[in-house]
Student: 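The structure's right below; bear with me while I get my questions together.
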Amino acid sequence: MNLATDLCGIPLASPVLNGSGTFDAIAARRAFGDAVIEEFPFAAYVSKTITRHPRAGNPPHRLWETPSGMINSIGLPNPGLDDFLTGILLEFTRLPVPLIVSVMADSAEEFAELVEAVSAVSGVAGIELNVSCPNVHSGLIVGEQPVETEALMKALRPLTDLPMIIKLTPNVANPHEVAAAAEAGGADAISLINTLKSMAIDPANGRAWLGAGAGGLSGPAVRPVALAQVRAVSQAVEIPVVGMGGIDDAESALDFILAGARVVAVGTENFRDPRAGINVKNGLEGALGRRGFASLADAQASTLS
Amino acid sequence: MNLATDLCGIPLASPVLNGSGTFDAIAARRAFGDAVIEEFPFAAYVSKTITRHPRAGNPPHRLWETPSGMINSIGLPNPGLDDFLTGILLEFTRLPVPLIVSVMADSAEEFAELVEAVSAVSGVAGIELNVSCPNVHSGLIVGEQPVETEALMKALRPLTDLPMIIKLTPNVANPHEVAAAAEAGGADAISLINTLKSMAIDPANGRAWLGAGAGGLSGPAVRPVALAQVRAVSQAVEIPVVGMGGIDDAESALDFILAGARVVAVGTENFRDPRAGINVKNGLEGALGRRGFASLADAQASTLS
Amino acid sequence: MPTERPQAPFNRRDCRVAESHAAGGYRIFTLIDEEGPEPAPGQFYMLTTSGAAPGFAGRPFLPRAISVARVTGSRGSLRLEFLIDEVGPGTVQMAKLGSGDSCGLAGPFGSPFSMPKELNPDAVGAVLVGGGIGIAPMAVLRRHLVSRGVPTRTLLGFRDQAHSGGVDELFGCEETRLAYEDGSSGHRGYVTDLLLQILTGDDTGGAVIYTCGPPAMLEAVRVLAAGHGVPVELALESPMACGFGACFGCVVPKTGGGYLRLCVDGPVVRGDEITTAMAGEAAVGVEKDVRTRSE
Amino acid sequence: MPTERPQAPFNRRDCRVAESHAAGGYRIFTLIDEEGPEPAPGQFYMLTTSGAAPGFAGRPFLPRAISVARVTGSRGSLRLEFLIDEVGPGTVQMAKLGSGDSCGLAGPFGSPFSMPKELNPDAVGAVLVGGGIGIAPMAVLRRHLVSRGVPTRTLLGFRDQAHSGGVDELFGCEETRLAYEDGSSGHRGYVTDLLLQILTGDDTGGAVIYTCGPPAMLEAVRVLAAGHGVPVELALESPMACGFGACFGCVVPKTGGGYLRLCVDGPVVRGDEITTAMAGEAAVGVEKDVRTRSE
Ligand SMILES: Cc1cc2nc3c(=O)[nH]c(=O)nc-3n(C[C@H](O)[C@H](O)[C@H](O)COP(=O)(O)OP(=O)(O)OC[C@H]3O[C@@H](n4cnc5c(N)ncnc54)[C@H](O)[C@@H]3O)c2cc1C
Ligand SMILES: Cc1cc2nc3c(=O)[nH]c(=O)nc-3n(C[C@H](O)[C@H](O)[C@H](O)COP(=O)(O)OP(=O)(O)OC[C@H]3O[C@@H](n4cnc5c(N)ncnc54)[C@H](O)[C@@H]3O)c2cc1C
Ligand SMILES: Cc1cc2nc3c(=O)[nH]c(=O)nc-3n(C[C@H](O)[C@H](O)[C@H](O)COP(=O)(O)O)c2cc1C
Ligand SMILES: Cc1cc2nc3c(=O)[nH]c(=O)nc-3n(C[C@H](O)[C@H](O)[C@H](O)COP(=O)(O)O)c2cc1C
Ligand code: FES
Ligand code: FES
């Protein structure tokens, strides 16, 4: 079955992407060798979020296993824009699939720097804006505020011709309002969900387990929440939606498409199986058939009653 | 070990309550006989939420099992205030533990009617306000808006001398702001979390599985989210917090107390084991010991570093 | 108004698996309940297996409702036989249990079948109509009625051999009439064809119908019985979380509006208590709004 | 800069459990890997068991990092022996696996131990210091060094008999010196007492130290080695989600700031690459803010 599709102009061999920060193509190549490149598991590669300046990330512990999920508190470790441009970005552009660079900043000015710099590099197909972060001026989390979100999009829109995907936080009452604001501001696509604010207690001493005190929940545990948000958002906007949150097989991936997502992303499941992306893609034909769809397009077109 | 404690003046033999709507004492008596009353599993009984007028509840399906949790879309079936007062409320007052009546309304006026009527009945120890509902006037979900929440509390405060516990929805960016507003409005305690907005797709036909289209997630899957919200809220208010969300044993109950809850409530786990409340209570002494606490009070007093 | 129902011990208890074996397309497994009372025909138990099923992340999470198919022994050492159809993680985990393993058990729960004379004072006999996995409660009821001298005719229907099992074991040599939709044995077609023969054939004034099976079959039986003015009791199914009235999740619409909780007001209901036996399917029609209040 | 590391097949593969048995307070179980390369000493695998452990709702969810304790056979039919300490749901599920069962395997991953001369051109011998479950990688390394004619002394420490196992099987009759904190056998006290004797006793100019064990022991060894100017490589542990660099979760602080991902930059690190071997405990000190951004 032909699973080819596209995401706001970016051609995709299948609707299966990776969630930002859940697959390091360079480290994977060290561990698995060139097989990772030859059988690259995703139809597009979304980089881990980078910031203007280098970040070491959070102190350990950074991980906590939960019932059917996990909490992470990684803290966006990354080399910062300058080293990214001259280093790993060049390796990423050599991957056999379109590259989407994820960026985060604490101000519109820094976001602008990141967007312009990344857009100037040939081989970048799109930019994902991670807006689960406070605006240093207003102190508000951009992705929690429709007004802040629309203003940011309006400020960034003129700076690039690349498709801009905005990655929403699920820790809001009405994600569809933030999505609508992003669309009004000029976003080309919405991706969700990011992780759910969570914490864990150290069984040994009753203190907070995570070095940063708290983190974000992901994995199958959050899938029902992600499905509801993907549906609410896709009903509120015209632009395509990248659905993610606990996808661990083709059936759950198809659930997201039926809920309104055009394409999906696999995150935590990559940790359990490095071929998770390949497994989801290979299972889609069967899953579509079992649900009575002749093609991926039919499923993407179907609206949930 | 003496596990006796209290919740804003309501004396409790242990810190273990039930989550509203997760244990029907009358139906349980039909199924199990008087043993349920003799060994009543909770230190106080929280009724299923009642409304001014009768509600039949949502069409089936009302349940969906998820990884380490479940979605419910029950729709608050209840006989309405009048029949409640003359019927099951009287049976509830005969239970061997303090009674907390949960109420929900679509307007301050209806909330007022409920609060006044319930307060007039002897044998009611407290009232829980379920504010995960839209205000028919503003159209806003009260529990999502600090302003609406404070206004509601201020309106209700003069109407009763009973402790008022406000039950918060977790589907907000900053539950601690809503909690602080409730405290400012005169709430005596905060209980959280209610369920996380979720949905499920029918594997057979790709349509929404739940009769109402969507529902709420509960069970161990949501525990990490509940812990983070309980901690954020308990840091923001002076009044006691009733912690719940995925508690399935004494260890997880103690996690909530260490996160800042004074007492806890068991919900979904009751479905898996009708004695869940008893098991949590009986396990607390051992759990406290393993974490190095001499008493429940020590754990309640400990502040998480 | 069902007959006196035995009450369950107030617990979920670990019970030893005495035995488990395949029976046609199904599986029969036996638990030893050392505490509970003898269940009445039509009652069910909530079964809890430990651990999640491979390939089902974190499921089963909830216990599963299972009708008892045969009861032997006596209180203190009851042997409860269950007929299992492996359709998902819960039944897959049950099917894995072998002799000596333990399984969580709560119950017996729910309303039993009434005796024929409770449904029709002039009742002289009973017709039992079972379909698929729904033959389990029919087996218990048949033994119950026969032991009380009630003339009983049993009609059992299956889709095909892969979706049938336990007939010989649970119904023994007793005269039962079979229907297979694929004609692989017995009557080719629906079990309701056999019921229609009976209803149109001999005098049905003294008949009472009991039935359990897939929704479409139950609905056909309900309509047939109503059409011929014959009282009928149906054992219904719906997804359950608790089994003892705590979650309000297991409802079916009841005649005159509102809903019945199948775990306490059922699973056995009279034909006139419900407007359809296909409530589960109802969900599909209904207009959905994804942003409902949380409870 | 560790020596050439074998690369893992790009998959998680189902491997057959050849054998499993208790070894003192631990358990040794053997997987047959028909695809992977021979791992280098110090490398580890990510093991995935199916289903959740009874009593642990929905856990294990993630695979578990386990060092290989002995490798026999050759590529195509490698026998990988693992030494398991049952401390939680992941290891409980592994311990349940019996001959014929299958277990998910990914790897080998991580950095191997260096040869002594890579750490010290004048190296003439190696001292291996293992503690508790940490003796596993020491067993593989010892066999590796001995087979290459490197004079090797092995010191193993345990809390008590309940927290020890596999010594005879994995180290055989070879001369190993044991320390038990409870004095139940060997030296009464810490294995680092034995190390100190060596370091202070004979000439250590040509010695190189390799160690794996609990954080407190590793830190003591690291400090002793530094104090005596002896090169040391430590095999560290930290909770891991992926094992191949994808999650950035397995970090320990590195000398000069920043963090090492133990699954790709480790688990074997040189003493001078880290500032402490007790990073895990570090979390406790740090100031916590519960409302961090999500990633
Ligand atoms: C009173 C009563 C008596 C019963 N007696 C028997 C019996 O004797 N023998 C027997 O085999 N079965 C019996 N059942 C049916 C049995 O309880 C259900 O089939 C049970 O759900 C099977 O669980 P499962 O995990 O194997 O399958 P499930 O995964 O639960 O799938 C079964 C059906 O549930 C729905 N479903 C699928 N996924 C989910 C989900 N995530 N959440 C909720 N629903 C889902 C689908 O419609 C699917 O066809 C009885 C049910 C009731 C109410
Ligand atoms: C490179 C490497 C090699 C290893 N080799 C071996 C080996 O050869 N043999 C062996 O037995 N072990 C080995 N381990 C340790 C093993 O991977 C861990 O002990 C593993 O976590 C055990 O999983 P568990 O589920 O049994 O216990 P867990 O539940 O994971 O408990 C183990 C520890 O993890 C922490 N913990 C508790 N609950 C959680 C939670 N929910 N989420 C996160 N952390 C939690 C606690 O500190 C607890 O003491 C190795 C680890 C690494 C990194
Ligand atoms: C360890 C880890 C690191 C992550 N890092 C990022 C990140 O850098 N940027 C980002 O936008 N999302 C990040 N995420 C969120 C994922 O991309 C994804 O949105 C989320 O995990 C839900 O999908 P899942 O349940 O399939 O993992 C991270 C998630 C995990 C588990
Ligand atoms: C079936 C079901 C019905 C519920 N009904 C109510 C209700 O009527 N009122 C209310 O305030 N909360 C209700 N809740 C929410 C619970 O009280 C509790 O807040 C939530 O389930 C989280 O706790 P848990 O994970 O332990 O179940 C209900 C939850 C479930 C699962
Ligand atoms: S199954 Fe919970 S009320 Fe019936
Ligand atoms: S365990 Fe995931 S990066 Fe090391």
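Every heavy atom of this structure was used, including side-chain atoms; hydrogens, water molecules and symmetry mates were not.
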Student: Which distance, rounded to the nearest 0.5 Å, do you find between the OG of B/Ser198 and the CZ of A/Arg231?
Tutor: 13.5 Å
Student: So, taking the atom named CE in B/Met199 and the one named CG in A/Asp255, what distance separates them when rounded to the nearest 0.5 Å?
Tutor: 8.5 Å
Student: Answer with side chain, backbone, both or neither: which region of B/Leu227 has an atom nearer than 4.5 Å to a non-hydrogen atom of chain A?
Tutor: both
Student: Heavy atoms, side chains only, cut-off 4.5 Å: are B/Arg291 and A/Ile201 in contact?
Tutor: yes
Student: So, does A/Lys197 use its side chain to make a donor-acceptor pair with the main chain of B/Pro224 at under 3.5 Å?
Tutor: no
Student: Are any non-hydrogen side-chain atoms of A/Asn174 and B/Glu144 less than 4.5 angstrom apart?
Tutor: yes
Student: Which of the residues B/Ala200, B/Gly69, B/Pro203 is involved in the greatest number of heavy-atom pairs with chain A at under 4.5 angstrom?
Tutor: B/Pro203
Student: Where do A/Ala221 and B/Leu217 come nearest, in terms of heavy atoms and distance?
Tutor: O-CD2, 3.6 Å
